[in-house]
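Here the structure comes first, spelled out in structure tokens, and everything after it is commentary.
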2 protein chains.
Amino acid sequence: MDVLWAERGPLTAREVGRLIADRDLAPTTVMTVLDRLTRKGFLTRVRDGRAWRYEPAASRDAYIAELMLEALDMTGDRSAALTRFAQAVSGTEAEVLRKALTELEEE
Amino acid sequence: MDVLWAERGPLTAREVGRLIADRDLAPTTVMTVLDRLTRKGFLTRVRDGRAWRYEPAASRDAYIAELMLEALDMTGDRSAALTRFAQAVSGTEAEVLRKALTELEEE
DNA sequence: GCGTAGTACTACGTCCCGTAGAGGGAGGGA
DNA sequence: TCCCTCCCTCTACGGGACGTAGTACTACGC
């Protein structure tokens, strides 16, 4: 569901239908999905003639980060979970995290 | 559903029912839930007489960390998401992360 | 043998999701 | 003007997960 959108660029309408023609979906299906995503706040839409133009409400990265925070919210002990997470990421990714945190500190 | 368990300690059986007596659930309900959680791999169970003794398969923290990793897996650009995440956590939590990463480095 | 505790199996209502059809309004050509 | 086409909104249906629970089977103790 998200996938269709996720990687796609800026904005569209039923062009989405064309873009995922390989899935051979009814046009209404695409519209329903876009509509539901909008309702849930994942997409934003703007009128364009009689059609709508959809746009991701947040970048994919922001969305993922939000999901991660949401998971984090489920625990009582955030620190423990964070530590656990830090231990779980691969070395390369730990590096990325470290770097991001360092830059953060410098501001 | 998870909540019942989440904070609870080591292991139990239908004692769980007693522990959450405030929710006034049928004993079978509790069992079904425990059973389903077991099926999904969140719990482990061991025979104890004719009863079962349930135990979390992973610590809550580990579970949360896993959820976070799962979210991370949904993106194409893990680094970007990680960076985003690092920026999103509060200062105190950034500190926790930093510390965990540093300790990791030292090993 | 019988009651009780505890289990396994099955069920029902609800909600979300993927999918789609039926119907309504607006623009364009005959 | 009327009809056709496009795109939208509303409604629906099957499937799966979840919270809840009832019924049926089994084993232990008196």
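Lettering follows sequence order; numbering is per chain, from 1.
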For atom [atom1] of [X] and atom [atom2] of [N], their distance in whole Å:
X: Arg47(A); N: dA26(C); atom1: CZ; atom2: P; answer: 10 Å
X: Leu37(B); N: dA17(D); atom1: CG; atom2: P; answer: 14 Å
X: Asp48(A); N: dA26(C); atom1: CG; atom2: P; answer: 16 Å
X: Met31(A); N: dA22(C); atom1: CE; atom2: P; answer: 14 Å

Identify each donor-acceptor pair in which a side-chain atom of residues 56-71 of chain B lies under 3.5 Å from a protein atom, sequence neighbours left out, and give them as a table.
residue  : atom : partner  : partner atom : Å
Ser59(B) : OG   : Asp61(B) : N            : 3.4
Ser59(B) : OG   : Ala62(B) : N            : 3.0
Arg60(B) : NH2  : Met74(A) : O            : 2.7

Restricting to side chain to side chain contact (heavy atoms under 4.5 Å, CB included), what partner residues turn up for Glu95(A), sequence neighbours left out? Arg98(A)
With sequence neighbours left out, write down each residue that passes side chain to side chain contact (heavy atoms under 4.5 Å, CB included) with Ser90(A), or none if nothing qualifies. Thr92(A), Glu93(A)
Check this one for me: any side-chain N or O of Arg45(A) less than 4.0 Å away from OP1 or OP2 of dT9(D)?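 Yes, within the criterion.
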Roughly how far, to the nearest 0.5 Å, is the CG atom of Asp35(A) from the OH atom of Tyr54(A)? 5.0 Å
I need a per-nucleotide contact map over nucleotides 18-30 of chain D, read 5' to 3'. Cutoff is protein heavy atoms under 4.0 Å; write B for the base, S for backbone only, - otherwise. BBBBBB----S--
I need the residues from residues 58-75 of chain B with at least one non-hydrogen atom less than 4.0 Å from DNA chain D; give them sorted by number, or say none. none
Does anything in residues 18-34 of chain A pair up under salt bridge (charged side-chain N to carboxylate O under 4.0 Å, His left out), and if so which pairs, sequence neighbours excluded? none
Across all chains, not counting sequence neighbours, the salt bridge (charged side-chain N to carboxylate O under 4.0 Å, His left out) partners of Arg47(A) are none
Checking Arg53(A) now: which residues fulfil salt bridge (charged side-chain N to carboxylate O under 4.0 Å, His left out) with it, not counting sequence neighbours? Glu15(A), Asp48(A)
Identify all side-chain donor-acceptor contacts of residues 27-34 of chain B below 3.5 Å with residues at least two apart in sequence or on another chain.
residue  : atom : partner  : partner atom : Å
Thr29(B) : OG1  : Ala26(B) : O            : 3.4
Thr32(B) : OG1  : Thr28(B) : O            : 2.8

